[in-house]
Each structure stands twice: as C-alpha cells, then as structure tokens.
Amino acid sequence: MRPSPEKAAVIKQLKREYPDAHCALNHSNPLQLLMATVLSAQCTDERVNQVTPKLFAECPEAQDYAEAPLSKIEELIRPTGFFRTKAKSLKGIGEILTNLYGGQVPRELGPLVALPGVGRKTANVVLGNAFGLATGIVVDTHVKRLAFRLGFTRQKTPEKVEHDLLKIVAKKDWILFSHLLISHGRAICKARRPQCHLCVVEGQCPKRGVKH
C-alpha cells in the first residue's frame with residue numbers, strides 16, 4: 001500500500017524540519033548499539049549515553065560481557081534503572097553472541113529477538129541503524145503518541161501501530177520515520193503540552209487526543 005498524499009506530505013515536511021534526525025544513542029558498532037538499546041528500556045537516551053562510555057571501555061567485545069562478573073555489569077549500568085535485569089540480559093547476549101555467532105551481532109530479525117532482553121523494537125533499531133536494513137519501523141513512546149495524533153493509526157499497542165505504519169509509510173522511509181517523529185516529539189509535539197502553534201504540520205494534523 002502506498003502512502004496517501006496527505007501522509008506523504010507530512011513526512012516530507014518533517015524531513016525538511018529535521019534534516020539531521022538520527023539515532024540518539026551513541027555507538028560506534030552494532031554491538032554497542034545493541035547493548036545501548038537494551039539499556040534504553042524505561043530510561044532516557046541521555047542517561048544511557050552517560051553510562052555507555054565506561055561500559056563500552058570495560059566491555060569492548062561480546063566475550064567481555066560473557067566473562068564479566070554480573071556484579072560488575074550491574075554497577076556499570078546502575079543509573080539506567082532495572083540494572084539487575086538489564087545486566088543479566090547484557091551478559092546473556094554476550095554469551096550467546098560469543099558461543100553461536102563468533103562474537104558478531106546477527107543481521108536477521110529472528111536471531112536478534114531470540115536474545116535476552118531483545119524484542120522487535122530493539123531488533124529494528126539495530127538492523128536499521130547499524131546495518132541499514134529496513135525490516136520494520138521502531139515504535140517507542142514518541143512514535144506511538146505522534147502516529148496517533150497525526151492520524152497515521154488509531155491503534156494503541158506498539159505491534160499494531162507498527163502494522164499500520166508499515167502499510168502507509170514508504171519502505172525507503174522506514175528507518176528514518178521513527179527518528180523524525182522522535183525529534184518532533186521532543187521538540188514540539190510533547191506529551192502533555194504539544195506546541196501546536198509552532199508545528200510545521202499543524203495544517204495536516206487531526207490532533208487526535210489533544211486537549212485544547
């Protein structure tokens with residue numbers, strides 16, 4: 001299904017407004033992005049970026065996570081919250097990557113979502129931003145909120161929102177689309193007080209759920 005002219009116009013305008021939209025998690029390779037994305041659950045990207053420099057220095061390879069004491073990983077990632085659960089995931093990921101994939105991050109959705117702490121959203125982040133593979137659209141809280149407000153979906157769960165978006169967003173824009181909505185959500189279309197008077201797509205926005 002091709003995007004409607006109205007939806008295509010919204011995406012085009014957001015591209016003009018946010019020409020530098022990109023993944024906000026600092027990383028230098030697929031392993032770093034994978035671990036950072038796992039840490040970003042229930043945590044801000046800014047906080048994750050404060051934690052990961054030391055983590056990546058201590059654990060540059062998958063094997064380093066596999067061999068590190070769980071207590072060490074916990075201490076390194078404590079500020080991200082839920083650090084005990086996340087530490088188990090990072091160590092488990094390190095073990096699986098080391099034992100099954102030669103320490104490399106797989107480039108397929110199936111093997112990625114089978115890793116501890118990795119769901120479809122995390123897999124899409126890694127495949128899209130580390131490998132340039134458009135396997136889906138990342139749906140986080142910003143994307144879910146803005147997709148509803150802008151009239152791209154009426155669904156409420158990430159899986160159903162993504163299903164709708166995949167039908168109306170051109171595949172060439174799948175990777176970029178989430179970054180555009182995240183940038184717009186942080187700058188203008190905030191959760192509690194969207195600044196509609198400053199919005200470049202106000203004329204095309206049905207403003208679903210916005211209270212005036």
Side-chain angles (χ1 to χ4, degrees), residues 1-25 33-34 36-38 40-45 107-115 117-196 198-212:
M1 182 181 297
R2 296 178 61 84
S4 67
E6 294 81 9
K7 301 296 187 295
V10 169
I11 296 172
K12 185 176 182 180
Q13 187 60 48
L14 291 176
K15 284 181 180 178
R16 290 176 180 158
E17 187 70 8
Y18 306 103
D20 299 320
H22 64 281
C23 179
L25 293 170
L33 179 57
L34 173 58
T37 307
V38 171
S40 70
Q42 305 297 313
C43 182
T44 65
D45 292 344
R107 295 176 176 233
E108 295 86 28
L109 188 67
L112 278 174
V113 297
L115 297 172
V118 177
R120 182 175 174 86
K121 173 189 145 187
T122 296
N124 281 335
V125 169
V126 173
L127 291 171
N129 295 282
F131 299 119
L133 299 174
T135 55
I137 293 175
V138 174
V139 179
D140 72 350
T141 54
H142 291 290
V143 174
K144 187 172 75 167
R145 181 178 75 252
L146 267 68
F148 180 78
R149 282 182 178 172
L150 288 166
F152 280 73
T153 183
R154 289 186 178 275
Q155 300 298 331
K156 297 296 181 68
T157 66
E159 296 79 9
K160 291 182 178 180
V161 170
E162 183 186 10
H163 180 75
D164 282 353
L165 294 177
L166 292 175
K167 293 187 292 185
I168 59 177
V169 177
K171 188 170 183 178
K172 66 182 179 64
D173 292 326
W174 283 5
I175 298 172
L176 178 62
F177 182 76
S178 61
H179 299 316
L180 294 174
L181 263 62
I182 290 168
S183 296
H184 193 53
R186 287 174 173 161
I188 303 296
C189 197
K190 302 177 187 294
R192 295 185 178 179
R193 293 186 179 180
Q195 302 176 64
C196 297
L198 300 176
C199 180
V200 295
V201 294
E202 182 183 12
Q204 298 112 301
C205 180
K207 301 180 184 178
R208 287 180 184 162
V210 175
K211 296 180 181 179
H212 297 282

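All figures in this text were calculated on a predicted structure; none of them were measured in a lab. What's counted below: heavy atoms across the whole structure, side chains too, no hydrogens, waters or symmetry copies. In what follows, residues are counted from 1 in the order of the sequence shown.
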*Could you go step by step and tell me if Leu180 and Ser183 meet the side-chain contact (heavy atoms from CB on, under 4.5 Å) rule?*
CA-CA 5 Å; Leu180 294 174; Ser183 296; 5.9 Å; no
*Audit row: Thr37, Leu25, side-chain contact (heavy atoms from CB on, under 4.5 Å) steps and yes/no*: CA-CA 7 Å; Thr37 307; Leu25 293 170; 3.6 Å; yes
*Begin from the C-alpha positions of Val161 and Ile137 and carry the test side-chain contact (heavy atoms from CB on, under 4.5 Å) through to its verdict.*
CA-CA 9 Å; Val161 170; Ile137 293 175; over 6 Å; no
Can you give the donor-acceptor pairs under 3.5 Å from side chains of residues 151-158 to other protein atoms, not counting sequence neighbours?
residue : atom : partner : partner atom : Å
Thr153  : OG1  : Gln155  : N            : 3.0
Thr153  : OG1  : Asp164  : OD2          : 2.7
Thr157  : OG1  : Lys160  : N            : 3.4

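In plain terms, the two heavy atoms of Ser178 and Val138 that are nearest each other are CB-O, 3.4 Å. In this structure, Val113 and Ala123 approach most closely via the heavy-atom pair CG1-CB, 3.9 Å. Taking all atoms of both residues into account, the shortest heavy-atom contact from Gly117 to Val38 is O-CG2, 4.0 Å. Smallest separation of non-hydrogen atoms from Ala9 and Gln204: CB-NE2, 3.9 Å. Across every non-hydrogen atom of Val126 and Leu33, the tightest pair is CA-CD2, 3.9 Å. Between Leu166 and Gly136, the shortest heavy-atom contact is CD2-CA, 3.9 Å.
In summary, Arg120 and Glu162 engage in a salt bridge, as defined by a charged side-chain N under 4.0 Å from a carboxylate O. The residues Asp45 and Arg186 are annotated as salt-bridged, a charged nitrogen and a carboxylate oxygen being separated by less than 4.0 angstrom.
Atom CG of Leu150 is separated from atom CD of Glu6 by 13.0 Å, given to the nearest 0.5 angstrom. From Leu14, atom CG reaches atom SG of Cys189 across 10.0 Å, with rounding to the nearest 0.5 Å. Residue Arg193 holds its CZ atom at 13.0 Å from NZ of Lys211, rounded to the nearest 0.5 Å. The distance from atom CG of Asn124 to atom CG of Leu109, rounded to the nearest 0.5 Å, is 6.0 Å. Rounding to the nearest 0.5 Å gives a distance of 12.5 Å between CG of Asp20 and NE2 of His179. To the nearest 0.5 Å, atom CG of residue Leu127 and atom CD1 of residue Ile175 are 9.0 Å apart.
If you check the side chains of Asn129 and His22, you find no donor sitting under 3.5 Å from an acceptor.
Between Val200 and Glu17, some side-chain heavy-atom pair lies under the 4.5 Å cut-off. Looking only at side-chain heavy atoms (C-beta outward), Lys121 and Val139 stay at 4.5 Å or farther from each other.
Within a 6.0 Å radius of NZ in Lys15, other residues, nucleotides and ligands contribute more than 12 heavy atoms.
Under a 3.5 Å cut-off, the side chain of Trp174 and the backbone N or O of Val169 do form a donor-acceptor pair.
For the side-chain contact (heavy atoms from CB on, under 4.5 Å) test with His184, the passing option among Val143, Val10, Leu146 is Leu146; the others fail.
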